[in-house]
Amino acid sequence: MNRFSDLQKTYDASSVEDRIYANWEKSGVFNPDQLPERNQAGDPYCITMPPPNRTGTLHMGHATMLAIEDLLIRFQRMQGKRTLWIPGTDHAAIATQVKVEQLLMKQGMKNPREFLGREKFLEEVVKFAEESKNTINKQVRKMGCSCDWSRERYTLDTERSRAVTHMFKMMFDDGVIERGYRIVNWDPQFQTTLSDDEVLIQETKAKLLTFTYDADFPIAISTTRPETKFGDKAVAVHPDDTRYKDFIGKTFHPVFCGKTLTIKIIGDEAVDPAFGTGALGVTPAHSMIDADIAERHGLETTAVIGKDAHLLPEVGSDFVGLSILEAREKIEKHLRSAGVLLSVEDIMQNLPVAERGGAAVEQLPMEQWFIRVNKLFALRNDTLGKWKKGEMVSLKELMIEAVESGEINIVPERFNKIYFHWINHLRDWCISRQIWFGHRIPVWYRAQADTSVVEKEMMISETSPGEEWIQDPDTLDTWFSSGMWSFSTLGWPNKKMWEEHRDYHPNAVLETGYDILFFWVARMILMSTYALGEVPFKNVYLHGLVRDEQGRKMSKSLGNILDPLDLIPKYGTDAVRLSLVMGTTPGQDVRLSEAKIEGFRNFTNKLWNISRFILLQIGDADVTNPTPEINQTTFVDRWFLQRQREVIFSVTDKLSKYQFSSAAEELRDFTWNDLADWYLEISKIEKGKEMQLVWALHTLLRLWHPFMPFVTEYIWGLAGFKGDCITAVWPEGSHLPLRHSEYDAFRSLQEIISNMRRLRSEQGIEPAVKVEFALIADALSKDLVLNNTEIICVLARASSVHVVESFPAGWPSVVGTGVTIAVNALAMVDIEKEKEKIAKELTQLEAYVVLTEEKLQNEEFLSKAPEKVTQAMEKKLLEAQTKIQALVAKRTLLG
RNA sequence: GGACACUUAGCUCAGUUGGUUAGAGCACCUCGUUUACACCGAGGGGGUCAAAGGUUCGAAUCCUUUAGUGUCCACCA
């Protein structure tokens, strides 16, 4: 009986997690300024949490993000970095506003915005956003995140709003932000513009009409959108198209559905002569493509569709005020009766729809604010080590250089290409939105008696410059403020605060889902390179999307959502976190099921029981500061320590390369196989390993901590180890020597035992094993001292078989020359087959060596081949020669 | 239409510059409750690495072609 006798057989996560989290939070270790001294002196390491939208609760995608980021932060903290993880939330402008609107409508309010007015409505949104934040923060804590709550940020808080205004002014002064009358994506449902990224393409059925404007017009055109044709200014054909060549340059005045149009026939390379009639009716106001053509040919723009998706007065008489669908039908009838409708064809068409709400998106010309990505401006800072202050560049160039130069490293690499492709096709970014929730555009106009806004006088200001000024009613795209997230969170542009936090920027890594590479990652690069002249982060790690067992997206309508809040009480946070990290690779979607999480719950419990076993062994001994006790160890202990050092080295290496899954798998194998199945089992026979076991536990807990913070911290405390696991020093590993005799010997031993177990299991015999120890002069290691009785003991007990010793003459007086165990007593290895294989491989390798050596001596070859190639060849040659040596040694061993 | 991936055990996936007999988890089969753990232990079966060709002493890995799957981007009026 000792102080650990009462520990339960199964680990109960739910009873300890909250308490542990509270202790961490209270101790202040989440805050870099309160970390132990070694961290204070360490290099800064900062992650800014991608701020979850304040639209409700977190889902598995967020949980993945949190699990990975916390892993990184904990790993770096234990390694002695001055770690800062900044939590925060995003106001998410349109998403949140729409959500609240829907909630209010559900409660019976018909048109909430109209009913409440801007101020009251916004109050409702703010209230909802606040509640969301509380829920989200609670969930982030549940996930065990070691983020610095004293630095919590919000995209819409005072400091961040100030940063937004500051940025807007900078960009405006540089001519990067500009007000312009251009075609934008318009969502008629929510009455706002949308960025290109907020528009989705949906395949829908459509009628393709082929017709002429009137009976006298010579060229037929096709369209699925006849209602826009009132705004046509030209018919474009390919300049080489012989059918229409002669018309180019002429102007016609057809009467289309009662409206007289002015149609110029123009030649443009963009027209595909093979599609439809080979002629395109150009509608500059309602198609981005057409607008490009119109610009090339100096055509006017006349809008014929209004913000409500109904026709404007410009269309004339019969059609004014009709909705798009009504107009479409009526025009078709009209064309038919006029005898100019040549054909009607049902086709599948790609229709742009709003990502939120799903309404068909109209392309309308409007006066809006834009960030111009191709516009040249004078740099305010030396930038990216390539440009000097004052040089003229465009935002696009900055965005490309940041990644191309290697200043930013994207994991996985293939997203580089996707990123470049996107940047190269980037258009100007429309940043004004006609919604209420968000950063109001900080532009003020001098009001006139007339209500229409006159822009003669305009100024940028955070607050009202005077009574006669009115503010632009629009708000900014939510990504404008999130684009600044890597540095606005650090206090920019507030001088004092920014200077204090300057060395946390660039952030060490941005960890997020690949689905927002464009939305967010690209825009952060834009903002940071523009405003600071440096990248926002050095690495980008993109995780995959969480899908259900069958690979489907999780959605409410499918009812296949796994909610972290349900799973955590059931399986424990550590198990949930492991399930999101193990078996996943960057950029690859994750299939998640409860069964998988259950598996990791089982592993958590395994770790618990390993610990419990060790603690029961040590009893009441003081283990505040365990050490490896290396001097009193036996062969088995030395094997284990070596194995452990190797695992530490490998896991550390993998973690620093973002190979989380591989690192965790290696750790699990080590924990389960090497420690639990072998070392612990042997320790039941070879007594006196208590201190080694404690050391093993001490190391193991530290290694697992970044993955499973709760259970490790809990056991750490139970054991009475010094300090907290969260700030413990990350263990130090080392490479395994190329050939390590004790290690090899133990592997052989494992193999022997496995084989004996198989014999017993398959043939039901209890073999009396005769083991011969063959002495091998091992050139590579001469330091092995093998205690034979020890081996016999392990063999005998671990496999419950009788062992008959058989030593060569002189044993064991020859210890110290290097010994490997050779087994032939059971003929478990098919020696003949093995020999054959070795012979074959030797032949191959020897042939290669001869060939390569010849080549390397051939002067003609050497004169032609670049140095790089010969160096690589020499390296390979050396490898092959080493391998040959090893094979020869093995052959000798087999006799 | 363009781009990027993927295709490895019944399922989900690893496999990092080409190199012992291609791995893991789950599932399956057999056996086992001696005080760490049945959320367990021991053992086992199962893959011509999508197909074909090429480079190489050697290919799941590099190249070419084909087939299938997925994702992103663009969009035809």
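Convention: sequence-line order gives letters A, B, ...; per-chain numbering from 1.
Note: OH (A:Tyr11) to P (B:C39) measures 18 Å, nearest angstrom.
In plain terms, the two heavy atoms of A:Ser593 and A:Glu549 that are nearest each other are CB-CG, 3.2 Å.
Side-chain atoms of A:Tyr419 come within 3.5 Å of backbone atoms of A:Met399 as a donor-acceptor pair (strictly under, hydrogens ignored).
As the counterpart of B:G70, B:C4 is assigned, both hydrogen-bonding distances of the Watson-Crick or G-U wobble pattern falling under 3.5 Å. Using the Watson-Crick or G-U wobble rule with both distances under 3.5 Å, B:U61 pairs with nothing in any strand shown. Base pairing annotation: B:U21 forms no Watson-Crick or G-U wobble pair, as no partner gives both donor-acceptor distances under 3.5 Å. For B:C39, there is no paired nucleotide, since no Watson-Crick or G-U wobble pair has both relevant distances below 3.5 Å. Pairing of B:C49, defined by two Watson-Crick or G-U wobble distances under 3.5 Å, is not identified with any nucleotide.
The side chain of A:Ile289 approaches B:C75 more closely than any other nucleotide in the set B:C75, B:A77, B:U12.
A donor-acceptor contact under 3.5 angstrom links the side-chain atoms of A:Glu681 to the base of B:A36. In the interface, the side chain of A:Lys417 is not paired with the base of B:C4 through any donor and acceptor atom under 3.5 Å apart. A:Arg601 contributes a side-chain N or O that forms a donor-acceptor pair with the base of B:C39 under 3.5 Å.
Here A:Lys654 does not pair with A:Glu665 in a salt bridge; the nearest charged N to carboxylate O distance is not below 4.0 Å.
Spacing of C1' atoms, B:G15 relative to B:U7, comes out at 15 Å, to the nearest Å.
Using the six-membered ring where Trp is involved, A:Trp608 and A:Tyr714 have ring planes that are parallel, under 30° apart on the 30 and 60° scheme.
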